[in-house]
Amino acid sequence: MATAQSGMFQCGSCKKNYKRLDHLARHVRSHTQTKPYKCHVCPKAFTRPDLLKRHVAGHSSQAGDATEGSTEQPREEKPCRRCQGKGIECKWNDSMELDTNFPPPGAGQQPDDTIFTQDDGSCVMDNFVDTTTMGTASTSAVIGDQAGLEILTPQTTHNPLHNLDPSLGADANSLYQFPDLNLLSGHWASASTSDIDMSSYNALDDMDLRFLDAYNTSIPFEVSSIHPTPRGAQTPHTASHTDPGQPAAMCTEAFQNSHWKFRPNAKDHSGAEEHNLSLPAANSAYPTPESGVALNLDTRITCANLGNLVRDRILMMVVDSCHSDNLSKAVASFPSAGLLDTLLQYYLTSPVTRATSFLHAASFDPNEKRPELVAAMAACGAVLTSDPALSKLGYAIQECLRIAISKRWERDNTLVRDLELSQAFLIILEMGIWSGLPRKVEIAESFFHPVLTMMRRDGKFKRSAYPDTNTQAIVSRDEWLKWVEGESFKRLVFRMLSHDANSSMALLVNPSISYAEVLLPLPGNTDLWTAASPEQWSSFITVQDPGEPLYVADIIDDPGILNNRVGSLDIYVAIHGVLACTWAMCWEYLQLSSLQRSRPRRWNVLVTEMRKDELLKLLGHLKLSLPSDELADPEILMRLELTLLHLQMPFEDIQIFAGMEGPERARAVYPMIRDWVKSEAARHAICHAAQIVRIAKRLPKGIIRSPLAIMLYHASLAFWVYGLFSNQSSGISRVPSQNVCIDDTDSIALQRFKGFGQGQPCIGWRSEVPGQDDVVLSVPLSQPDKVMEAVMGIVRTNFSGLPIPHLTERLVQLMAELENSAKRKVAA
């Protein structure tokens, strides 16, 4: 194998480089596990011809055709045993006899005796050259002289063996043995010509140069499908435009590098990020750490500033969890109290976190809270900034906190019921699940269960944990803070419920919290929660009657109750809790529906369809019952549309078709996806996806991150799969001249499309033209590459002038891979 600078042919999977194309072909078989060389005596197959020869020699020695210990490869006799057994004529073709100028078999170029079946049933035994040990010029000479191959041009490269003599065997030119190479996105190495050892290419003739030039305009890896295949040999899948695994082949590598796939290695451990605990030295480009945080001091949440004592307590906690090699740097350059206070305020005021929905800002004094909670809030604020150094600092503190909080629980088991430690742990779990870093995602998924178990065992999901409060007795600060603690536990449960639903949606896993166990009362009115003092709280409670406690089950039973209880509920938290429980019910239906598709005789389809209808009715009623103030909340609307989207589409199977589990699994689900695209459910699905895109267009700047980015990706995947099949699926009947904007409000044309498939579905795309007003274009879904470009444009516009968060960036890269696969599909 050549070095990285000396090979012109690069593997698209592991990026290894080779000087010769045939060496690359042999290497690729180690990835694809394709075995094109099959024994004519037994069913065994091999990846290399020399292994097959050795195996065949074993058959011959067992039959007594060779003496024991002989190193001479036995030549097949004429007629061969196969033809004798079948009673057919055995023909011998010596057209590929080795030239005497080639090295003898003992030097490594041993002739291969291979049997190929002709149309009449007879076999032809060819003595062919093993080009894996020949130079490029010799290979071209054999191909050109023996096969009569014409000079290749870019137009003929797609089928370069069309002039081969049909009597030649499939292995006659191992240069072209590329079993399913289209599955690897190979490309030229970027080495300059001065870095390449040109001594191995000094014999290139005109044919070789034309060959290499043709590779720049045409993919040469699709020629394997035209080789004659020995009877009984495995036929590799090809990558033509009719290959259902082609889109998956192009996106498999992107999925493998996504946040879903964690590949453990020795370099990933708890101390791998500790060097980021020290901030970089100030310079002209980075004057102060605070320069990376744009904070409006007028929006400050807490009155008290974070003091040096709390900063030192946080530092000691970090030191206690830090490896000895990194202690000195962490202590010397740890953030100041002022920077930690700024990051804390940044977290509390961020519209992304909505932290004040479960953290009581009015009573929050960082100097009186546990250092773990203050550190978690500051770390999350650091990650939310646009400064790379601060983001790394935040993730490093998060890693230390995961260990430090666990130690606190282990040292004193009474702390497993502590509110602030549970709040801190949930914050670092949220940081991990939306980091886009596979290791942190997997840890966050698994570490949710300890804190969930603690809350369950403490009865926080039940009504009995929240006794009715005597409002008249709340006059002192201590009694008010006691009410705040109980309400904080309640809101923490609903925060965990939303986090669980978000994780299930993002990772496509079963929710950990059952909708049936959420039995606690819904949080009270927002005015009560935001009251700055016990006196202000009492003034609110005297004019507002809280009424009887309301539960999630009450809203699921009658969504219209929301309009009657606006004054006594925190509508935002209540709706998110209801949507989280509704998602769990929808996931239950999706799993049963998936089982029904794989075992149709066991499960009656009527049962699942009735369940689906009930869920669609529930979500429809909930959408109509949203209060007018909350109707403008884009996050709630996107969550509602996302749940409706998943009810209408087999999302897990569509991701498999897109390449999440490789091309072979994509081919397996292809028939089901093809049939789904023809259905009415598919049309409803893309309409819900269009509504997600429409809402995303009006999100505030820098908001498309965390679960919102996942939602937009799910919508784009629905567009992509529908567009891929729109040009070849006869079940999608539409009038080409009539465009239906499915991201607009409801209309007669939209209803006709959803019900009867009439019209061509389109989405609006506001294209930015320099020096001109934005141009609104109508992009048909039948052009999936353009649609993906439009969706990615929404993300880039949302982060115009700002760095894109890691998770959002990875999702955009995945959408770009889907766009490229769609372009190749259209071009084919």
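The basis for the numbers below is simple: all heavy atoms, side chains too, and nothing from hydrogens, waters or symmetry mates.
You'll find the side chain of Ser512 reaches within 4.5 Å of the side chain of His449, heavy atoms only. Looking only at side-chain heavy atoms (C-beta outward), Lys440 and Gln398 come within less than 4.5 Å of each other. Trp676 has its side chain within reach of Val721: a pair of non-hydrogen atoms, C-beta onward, lies under 4.5 Å apart. Side-chain contact check for Trp434 versus Pro707: some heavy-atom pair is nearer than 4.5 Å. A 4.5 Å side-chain heavy-atom check between Val693 and Phe719 finds at least one atom pair inside the cut-off. Proximity of Phe753 to Pro761: side-chain heavy atoms (C-beta onward) are separated by under 4.5 Å at one or more points. Counting heavy atoms from C-beta outward, Ser568 and Asn525 have side chains that stay 4.5 Å or more apart. Within the 4.5 Å cutoff, the side chain of Ile742 has no heavy atoms near those of the Cys762 side chain.
Between Glu517 and Arg456 there is a salt bridge, with a side-chain nitrogen of the basic residue lying less than 4.0 Å from a carboxylate oxygen of the acidic one. Look at Glu664 and Arg667 and you find a salt bridge, because one of the NZ, NE, NH1 or NH2 atoms lies within 4.0 Å of a carboxylate O, short of that distance.
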Leu507 and Ile433: CA distance, side-chain angles, deciding distance, side chain to side chain contact (heavy atoms under 4.5 Å, CB included) verdict: CA-CA 9 Å; Leu507 304 177; Ile433 210 72; 3.8 Å; yes
Residue pair Arg705, Phe799: steps toward the side chain to side chain contact (heavy atoms under 4.5 Å, CB included) verdict: CA-CA 10 Å; Arg705 60 171 80 209; Phe799 287 95; 4.1 Å; yes
Derivation of the side-chain hydrogen bond (donor to acceptor under 3.5 Å, both in side chains) call for Gln648 and His684: CA-CA 7 Å; Gln648 300 287 3; His684 282 272; 4.7 Å; no
Verdict with supporting geometry, Tyr572 and Arg354, side-chain hydrogen bond (donor to acceptor under 3.5 Å, both in side chains): CA-CA 10 Å; Tyr572 174 82; Arg354 293 185 181 263; 3.0 Å; yes
Test side-chain hydrogen bond (donor to acceptor under 3.5 Å, both in side chains) applied to Trp587 and Ser504, step by step: CA-CA 9 Å; Trp587 179 265; Ser504 172; 5.2 Å; no
CA sep, side-chain torsions, deciding dist, call: Tyr722, Ser782, side chain to side chain contact (heavy atoms under 4.5 Å, CB included): CA-CA 8 Å; Tyr722 189 90; Ser782 57; over 6 Å; no
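Phe425 and Trp409 have their aromatic ring centers within a separation under 6.0 angstrom.
To the nearest 0.5 Å, atoms CG (Leu606) and CD (Gln596) are separated by 9.5 Å. Going from atom CD1 of Ile763 over to atom CG of Asp744 covers 11.0 Å, rounded to the nearest 0.5 Å. Annotation: the span from Met638 atom CE to Leu645 atom CG amounts to 11.0 Å, rounded to 0.5 Å. With rounding to the nearest 0.5 angstrom, the NE2 atom of His499 is 11.0 Å from the CG atom of Leu492. Taking OG of Ser422 as the reference point, atom CG of Leu373 lies at 10.5 Å (rounded to 0.5 Å). The CE atom of Met792 sits 12.0 Å away from the OG1 atom of Thr797 when rounded to the nearest 0.5 Å.
Phe725 and Phe657 have tilted rings, their planes meeting at an angle from 30° to 60° on a 0 to 90° scale. The aromatic rings of His646 and Phe651 sit tilted, their planes meeting at an angle between 30° and 60°.
Within the 3.5 Å criterion, the main-chain N or O of Lys460 finds no donor-acceptor partner in the side chain of Asp458. Within the 3.5 Å criterion, the main-chain N or O of Ile794 finds no donor-acceptor partner in the side chain of Asn798. Panel note: side chain Thr356, backbone Leu359; no donor-acceptor pair is recorded below 3.5 Å. A distance-only check finds a donor-acceptor pair linking the side chain of Thr808 to the backbone of Ile704 [under 3.5 Å]. Looking at Ser594, its side chain never comes within 3.5 Å of a backbone N or O of Gln591 through a donor-acceptor pair. Side-chain atoms of Ser726 come within 3.5 Å of backbone N or O of Gly723 as a donor-acceptor pair. Between the side chain of His360 and the backbone N or O of Trp529, at least one donor-acceptor pair lies under 3.5 Å. Using modelled atom types, no side-chain atom of Arg491 and backbone atom of Phe358 make a donor-acceptor pair closer than 3.5 Å. A donor-acceptor pair under 3.5 Å links the side-chain atoms of Ser625 to the main chain of His621, judged by distance alone. Not one N or O on the side chain of Glu680 forms a donor-acceptor pair closer than 3.5 Å with the backbone of Phe756.
More than 12 heavy atoms of other residues, nucleotides or ligands sit less than 6.0 Å from atom NZ of Lys490. Heavy atoms from other residues, nucleotides or ligands lying under 6.0 Å from NZ of Lys462 number 12 at most. Within 6.0 Å of CZ in Arg752 there are 12 or fewer heavy atoms belonging to other residues, nucleotides or ligands.
Thr643 pairs with exactly one of Leu615, Leu619, Leu616 by the side chain to side chain contact (heavy atoms under 4.5 Å, CB included) rule, that one being Leu619. Partner Asp743 forms a salt bridge (charged side-chain N to carboxylate O under 4.0 Å, His left out) with one of Arg694, Arg698, Lys697 and no other, that one being Lys697. Between Arg495 and the options Glu430, Gln423, His576, a side-chain hydrogen bond (donor to acceptor under 3.5 Å, both in side chains) holds for only Glu430.
Cation-pi geometry between Arg463 and Tyr551 is not met at under 6.0 angstrom from the ring centre and within 45 degrees of the axis. A cation-pi geometry, defined here as NZ or CZ lying under 6.0 Å from the six-membered ring centre and within 45° of its normal, does not hold between Arg639 and Trp583.
A donor atom on one side chain and an acceptor atom on the other are found under 3.5 Å apart for Glu588 and Tyr515.
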